[in-house]
J.: 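Dropping a structure here in structure tokens format, bear with me for questions.
Below, all heavy atoms of this structure are taken into account, side chains as well, without hydrogens, waters or symmetry copies. Below, chains carry the letters A, B, ... as their sequence lines are ordered, and counting in each starts from 1.
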Amino acid sequence: MFLTVTSPKAVMYPKHRNSSQGPIASPSFPELEKEVLAYWDKDGTFQESIDQRAAADAPEFVFYDGPPFANGLPHYGHLLTGYAKDLVPRYQTMRGKRVERRFGWDTHGLPAEVEAERLLGISGRPEIEKFGVAKFNEFCKTSVLKYTEDWRSYITRQARWVDFDNDYKTLDQNYTESVIWAFQQLHNKGLIYEGFKVLAYCWRCETPLSNHELKMDDEVYRDRQDQSVTVTFPVTSQGELAGVKILAWTTTPWTLPTNFALAVGPNIEYSLVHAKNSDLGDEKFLIASALLPNYLKELGFEDVESAQAAVSKTYLGSDLGGIKYEPIFDFYNDPSKFSIENAWQVLVGDYVTAEDGTGIVHQAPAYGEDDQMLCNAAGIPTYVSVNERGEFTSLIGTYEGQHVFEANKPITQDLKANGRLIRQASYDHSYPHCYRCKNPLIYKAVSSWFVETTKVKDRMLELNQEINWVPDHTKNGGFGKWLENVRDWAISRNRFWGAPIPVWKSDDPNYPRIDVYGSLDEMERDFGVRPTDFHRPVIDELTRPNPDDPSGKSTMRRVPEVLDCWFESGSMPFAQVHYPFENQDWFDSHFPGDYIVEYVGQTKGWFYTLHVLSTALFDRPAFKNAVSHGIVLGNDGQKMSKSLRNYPDVNEVFDRDGSDAMRWFLMSSPILRGGNISVTEQGIREGVRQALLPLWNSYYFFALYANASGYTASPSMASTQLLDRYILAKTRELIDSVTLDLDTFDSFAASAKVRDFAEVLTNWYIRRSRDRFWEGDKDAFDTLYTVLEAAFRVIAPMLPLVAEEMWRGLTDGRSVHLESWPEAEEFLQDAHLVRDMDAIREAASSGLSLRKSSGIRVRQPLAKITVAVVGSDSLRDYAELLADELNVKAVDIVEANAETSSSFGLKQSLAVNARALGPRVGKDVQRIIGQAKAGNWEKLAEGIFVDGTLLMEPEYELTLVADNESSDFAVGVTSSGFILLDTRLTPELQSEGLARDTIRHIQQARKDFGLDVSDRISLQLVCDEESVTALETHSDLISRETLASDIEIAAGQISAPLSVGETGGIAITLAKK
RNA sequence: GGAAAUGUAGCUCAGUGGUAGAGCACUCGGCUGAUAACCGAGCGGUCACAAGUUCAAGUCUUGUCAUUUCCA
């Protein structure tokens, strides 16, 4: 019985698609990705990846997702971190761990309030209070959640697996209860206190600003011109400095009414100058010696020399501490009202420099952070003289009601009138401005709550040693140094939208009492109601009579501040699960976390607050491994800027190149090692070319030929064929090295390994094995299948979408992400094989180089190549492979030694091994190296003799160099020997070369004609007489290679011949049969 | 102003104290019925600068400069 098959061949691959279509040669990766995403969504693959590990009772890998503040759409920075947050958990899942990935939202804080103010068209505390705190907070709540859906779609598109449905928000009641529990714990441990701290303050919006807000954009710090004044302070202490006028300098004259001290640098030298003709008359002055030349004119000196001649004595700053001086104003000069016993003296401060002004700094403790610390340490309190609007209070009677900037002028005038001013000048400096109202800020002490981090500093440093940091210098560098210089953490904000400071105070100072609450139960117990909302103003409405007040008149009221939102994000490990009110067991097994990753700035942000709270609350580090990656720059190496348009649009990249292309670009960059990276379209395309396409093409090649052969491959490592064994051994190397790299969070190194592997796979293994696939060699198919299947598992964390498509196309399995990481041990280990094959690849490369230098194209067959290597025996099996690669008729493999090399006309050259010889001969090694390079050496029986020194193994190495010229042979040197290419052409060889040229042309014509690889043709060739003979000799070869069922070769004249061979021309006519 | 990191080819980066490498880009040549590829050759360097330690420094030490980041 005969059947005629008319339907297309059954298609095996891609297996998962159930289609009669084979694989796509050049797919749109973005389209493929969308299909995979839709499949995951439908299949519930992510949930299964966790559930299957849970079912197996697998160990956990605990990942903490830093909550982003979603007040806008995600940008490259978020995407980058997102890829890093996805890659490692995917890898660990494949390694058999259960990795839960719960998303979190940072919802509180000033950024949220700022956005709300912008949208509502109001600004500043008074306007918010007028608008209504309840309404305002309600607005904040909706506005912070506005972008969550957009975030979800971006994150889904980037193939990041995250549990959104079970997310946590810092505004949740449960979350906040855990946060106030933490506050109470810290309070109970004596780590919370209330104090004054100098903060940047906007007098128009009537609020202090956080450091965060000073960094909101580049507009904050702008150049501003201020009046600087140099003021005299006469010494009142007895002794040789009595009556001397200390010169101090400031750019904020308005702070002079609250001058309480002067500061000098301990190691700065100060000069006592007798200025007979100063602007103030015959006086003695004290000024930093280095800055004296800046004040020649005011002090009445002609030149530096005469000023220096007037110096009667010099002092070190450290000798000047404690000297008393006469205050400028007497607003505070009433001991019955103010603690001034330590005021108006010289203090020694490390931060003082001799670079500006006079080297002596005026101190106003309420208006400078350094000032405050120095003065408070010396027993000088912080007195604030300015109200919320930046106006002087009644304490400063003369200037009461004047705004501080307005008061600069009258104050300066009064100083002048009192003879206290010696210089007034304008001064340009970079100065912070309010990012909302653009007004210049002032620094001002405000009441604030603190965590006393300085108390736990040592323990934080100890626990830091238990953390593995990437890059490792962060441990004792970026993070360690930061901890060493830790200051108490101001955790309160005079704002509205945030977790409340859970402190209630008596409103009558005569009956003081402070209650700190750490749970809803405690609040219900004391206030009789259980709060339904921790937000203001609801929480502020909880009041009760002061139990310590027998009169019953005073009331316990909550302090008005809210918590710094960083306190909340730092509470994430326990607050996300409502610990300790719930999930105590869970927390015990999920703390510390195994892995966190954020951009380098978070070293001093989230990583820091996690570490502070974890140390203080649990005496443990919060995380075991922390990656702080670099930042993403625009294509010009500058910060990304919307206005400069210096980076490709995220959605364009997703649509054109796909998410895996972007993931590969970012994850293969040094950015996770702490470096920065410029995002360019070119860079993204390069990743596609180097990784995605070679891998896809390998997959395509396999599928195409397996379909053509109708063969379904199965896993096998049984092939004895050399190339098969080689690629299996290479796969083992790939698995081994990528495992090591990903274990240490080094996706940069892992990517390089994948890239190299893809290179070997496509450009050696597949290229050299093409014929075997054409012939339907089952070993070849099974081997390539086995290698690809394992390789796709290896790349799954790095290219999750494309890997999924290819892996399912091979196996029809559910998902590569549900598979286990491949076991390297299952793959062939054969170091000899790998070494030999690499030697063959080198010989091939060298042979091609010889063809090039001899001017003989590769299509032209040659008679013979001789390959001389050390250990030639094991290479004999590769002769055929090499013959094919180099298009030679014979490969002769011989042992490389002195005899063979000299007989082939090679010379030896001497390389000195400095590492071995150096220690023996010391500095002579330099001379010997020079002589060896110059060729001044001789080989004797006992060793190598160089310029009077005898070298023994392994102090030298002899290598070969090509020496003589021959028209018959070309000689090349390889790392372990040399090769010799017979360049003589015979007529037979030439005619075969001609045939091969012709074949090439025919193949191109087939392709141009749009024929399928299996289409048969009839062929006519027209050429000159001489070529006819040559082509006829090889007509079998030609018809076989080009699938020509009939072939006609004729001599004749042709108008536009295609050139073949050295001189010939040919015309090709073909028709599909 | 302070701290940290980084300075190696045009670009992106490797580089155990032993006499400088890869990929990309560029130029030229070759090869190609999986490939958007590939192969070969060429071009390209005061390893930021300076001192020191050492027989020997890109590598270790110190200083300077530059860039970046973080903190002021």
J.: Quick one: CD1 on A/Ile467 to OG1 on A/Thr474, what's the gap to the nearest 0.5 Å?
T.: 11.0 Å
J.: Quick check on RNA chain B: between A/Ser26 and A/Lys923, whose nearest nucleotide comes earlier from the 5' end?
T.: A/Ser26
J.: Would you indicate, yes or no, if B/C70 has its OP1 or OP2 atom less than 4.0 angstrom from a side-chain nitrogen or oxygen of A/Tyr599?
T.: yes
J.: Round to a whole Å and report the spacing from CD of A/Glu842 to P of B/C39.
T.: 15 Å
J.: For the residue pair A/Tyr608 and A/Trp489, categorise the inter-ring angle as parallel (less than 30°), tilted (30 to 60°) or perpendicular (more than 60°).
T.: tilted
J.: Go along nucleotides 13-24 of chain B 5' to 3' and tag each nucleotide: B for a protein heavy atom under 4.0 Å from its base, S when only backbone or sugar atoms are that close, - otherwise.
T.: SS---BB---SS
J.: Would you call the rings of A/Phe781 and A/Phe773 parallel, tilted or perpendicular if under 30° counts as parallel and over 60° as perpendicular?
T.: perpendicular
J.: Taking the six-membered ring where the residue is Trp, are the ring centres of A/Phe479 and A/Trp482 under 6.0 Å apart?
T.: no
J.: Could you check how far CZ of A/Arg768 sits from P of B/A37, rounded to whole Å?
T.: 21 Å
J.: Is there a donor on the side chain of A/Ser849 or the base of B/A41 sitting less than 3.5 Å from an acceptor on the other?
T.: no
J.: Whole angstroms only, please: what is the CG-P distance between A/Asp657 and B/A36?
T.: 17 Å
J.: Looking only at atom C1', what distance separates B/G23 and B/U59, rounded to whole Å?
T.: 23 Å
J.: Rounded to the nearest Å, what distance is computed from the CE atom of residue A/Met667 to the C1' atom of nucleotide B/U12?
T.: 16 Å
J.: B/A34, OP1 or OP2 - any side-chain N/O from A/Tyr705 closer than 4.0 Å?
T.: yes
J.: Using a strict cut-off of less than 4.0 Å between a Lys/Arg side-chain nitrogen and an Asp/Glu carboxylate oxygen, indicate whether A/Glu885 and A/Arg841 qualify as a salt bridge.
T.: no
J.: Got a salt bridge between A/Glu992 and A/Arg996, using NZ or NE/NH1/NH2 to carboxylate O under 4.0 Å?
T.: yes
J.: Output the single nucleotide from B/G30, B/C38, B/U69 whose closest atom is nearest the side chain of A/Val858.
T.: B/G30
J.: If a pair means Watson-Crick or G-U wobble with both distances below 3.5 Å, what does RNA chain B look like in dot-bracket form, with | marking bases paired to a different strand?
T.: ((((((((.[[[[.)..(..]]]].(((((.......))))).....[[[[[..)....]]]]]))))))).
J.: Show me the protein contacts with nucleotides 6-9 of chain B, counting only N or O atoms at under 3.5 Å.
T.:
none

J.: Please enumerate all residues that pass side chain to side chain contact (heavy atoms under 4.5 Å, CB included) together with A/Glu686, with sequence neighbours excluded.
T.: A/Arg689, A/Gln690
J.: OP1, OP2 of B/A34 versus side-chain N and O of A/Arg770: anything below 4.0 Å?
T.: yes
J.: Are A/Ser845 and B/G40 close enough that a side-chain N or O sits under 4.0 Å from OP1 or OP2?
T.: yes
J.: Check the interface with nucleotides 57-63 of chain B: list each N/O to N/O pair with the protein under 3.5 Å, or write none.
T.:
none

J.: Write down the distance separating the C1' atoms in B/A25 and B/G44, rounded off to the nearest Å.
T.: 11 Å
J.: Check the phosphate of B/U32 against A/Arg859, side-chain N and O only, distance under 4.0 Å to OP1 or OP2. Yes or no?
T.: yes
J.: With sequence neighbours left out, write down each residue that passes side chain to side chain contact (heavy atoms under 4.5 Å, CB included) with A/Ala916, or none if nothing qualifies.
T.: A/Asn913, A/Pro954, A/Glu955
J.: Tell me: CH2 of A/Trp469 to P of B/A5, nearest whole Å?
T.: 14 Å
